[in-house]
Amino acid sequence: MEFFRFDLDVSREISQFSSHNASISPIIRNKTATVGCIHLKDNSVLGMHPAACPQLFLIVDGDGWVKTAGGEQGCSPKRNRCLLV
């Protein structure tokens, strides 16, 4: 078993694509997968960007909105809803 830290203390700020109040804690990256934990504060924006690979956007606390080519979609753990892009 391997343990990984993904708290704010090991995160780095995301500023690309006009993002603000957002940071990422990389967990693992290899040929088959990239896994990271994105921390979003109140009123954060993770700017629109091309996805380099299939992505799972999973919210574990709070609510959020995701913009895709199909429009905006709400995501919330209260509604057991996540988005696979």
Side-chain angles (χ1 to χ4, degrees):
M1 180 181 294
E2 194 169 345
F3 290 93
F4 298 92
R5 283 189 60 190
F6 53 92
D7 55 276
L8 278 172
D9 289 340
V10 296
S11 69
R12 61 178 166 77
E13 181 183 5
I14 301 172
S15 57
Q16 299 89 336
F17 306 102
S18 300
S19 299
H20 62 274
N21 288 335
S23 60
I24 186 167
S25 300
I27 297 172
I28 192 168
R29 185 178 196 146
N30 60 34
K31 292 180 181 180
T32 57
T34 298
V35 179
C37 179
I38 296 178
H39 304 273
L40 302 171
K41 298 176 185 171
D42 288 341
N43 299 312
S44 292
V45 172
L46 187 59
M48 286 284 288
H49 60 280
C53 59
Q55 298 180 344
L56 173 65
F57 184 64
L58 180 65
I59 297 175
V60 295
D61 185 33
D63 295 301
W65 290 91
V66 176
K67 278 188 181 179
T68 66
E72 287 188 351
Q73 298 183 39
C75 297
S76 171
K78 297 173 195 157
R79 297 186 304 244
N80 295 321
R81 195 160 174 205
C82 64
L83 181 67
L84 180 62
V85 180

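Pairs passing the side chain to side chain donor-acceptor pair (under 3.5 Å) check and including a residue from residues 8-17, sequence neighbours excluded, read Ser11-Ser23. Legend: ring-ring contact (aromatic ring centres under 6.0 Å, His included) pairs involving residues 13-54, not counting sequence neighbours, sorted by first then second residue: Phe17-His49.
Under the side-chain hydrogen bond (donor to acceptor under 3.5 Å, both in side chains) criterion, Arg29 pairs with no residue, sequence neighbours left out. In this view, Asp42 satisfies the salt bridge (Lys or Arg N to Asp or Glu O under 4.0 Å) rule with no residue, not counting sequence neighbours. Under the side-chain hydrogen bond (donor to acceptor under 3.5 Å, both in side chains) criterion, Asn43 pairs with no residue at all, not counting sequence neighbours. Qualifying side-chain hydrogen bond (donor to acceptor under 3.5 Å, both in side chains) partners for Thr32, counting only residues two or more places apart in sequence or in other chains: Asn30.
Hydrophobic clustering of Ile, Leu, Val, Met, Phe, Trp and Tyr side chains at less than 4.5 Å, counting indirect connections, keeps Val45 apart from Leu40.
The CZ atom of Phe6 lies 5.5 Å from the SG atom of Cys37; values are rounded to the nearest 0.5 Å.
Scanning both residues, Leu46 and Ala22, for their nearest heavy atoms gives CD1-CB, 4.5 Å.
As a member of the Ile/Leu/Val/Met/Phe/Trp/Tyr network built from side-chain separations under 4.5 Å, Phe3 groups with Met1.
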